[in-house]
Amino acid sequence: MSTTAAPEAVKVPAEVEKSVAKFVAAHGGSGTAVLQYIGEQGVRITLVGEDGVLGDRVVADLATAKAIVERVDGLTETEEWDRELVSKVTPAKGHWAKMAGWVARSTKFPKARNADAFPGA
C-alpha cells in the first residue's frame, strides 16, 4: 500500500485556455508567457506573441497558470523579462490608451493628488 497521494488535477478555466490559444494562433502560432504573481488576485499570464503583440490573462494561482502554458500548443514559459523578450515586444496600436484607462480619454491631464504637498514642483 502506497502512502503517497496522487497529485490533484488542476481545473483550468475553459474560457481562459481558449482565449490564450486564440491569441497564440492570431499572433504567429507561438508565444512566450511570463507568469507574475500579483497578490490576492492571483497570477498574471503576460503573453508575447511571435509578432511581439502583448496580451494578458489573470488566473487564481500558479498551478493554473502553468497548466495553461502546458495545454496551449506553441506557448512557452519564461521566468523573467530578459533583453531578448523585451526587445521583441511591439504593442498594438492603441494599447497604451487601453492600459491608461480614463486618463487616455481625458482632454486635460488631471492635477496630481499630492500637488499641494510639493509646491513649485
Distance, nearest 0.5 Å, that separates CG of Leu54 from OG1 of Thr90: 8.5 Å
Minimum heavy-atom distance Val20-Arg57, with the two atoms named: CG2-CG, 4.0 Å
Enclosure of Glu79 CD (heavy-atom neighbours >12, cutoff 6.0 Å): no
Least distance between heavy atoms, Val58 atom then Ile38 atom: CG1-CD1, 3.9 Å
Candidate list Ile68, Ile45, Thr78, Val59, test side chain to side chain contact (heavy atoms under 4.5 Å, CB included), partner Leu35, passing option: Ile45
Minimum heavy-atom distance Asp51-Val53, with the two atoms named: OD1-N, 3.2 Å
Minimum heavy-atom distance Thr46-Asp56, with the two atoms named: CA-CB, 4.1 Å
Test side chain to side chain contact (heavy atoms under 4.5 Å, CB included) applied to Val34 and Trp81, step by step: CA-CA 7 Å; Val34 183; Trp81 289 94; 3.6 Å; yes
Reported NZ-to-CD distance for the pair Lys22 and Glu17, which is rounded to 0.5 angstrom: 14.5 Å
Straight-line distance of Lys66 NZ to Glu70 CD, nearest 0.5 Å: 8.0 Å
Taking every non-hydrogen atom, the tightest pair across Val43 and Ala65: CG1-CB, 3.9 Å
Shared hydrophobic cluster, Leu62 / Tyr37 (ILVMFWY, side-chain heavy atoms < 4.5 Å): yes
Residue pair Leu47 / Phe23: nearest heavy atoms and the distance that separates them: CB-CE2, 3.5 Å
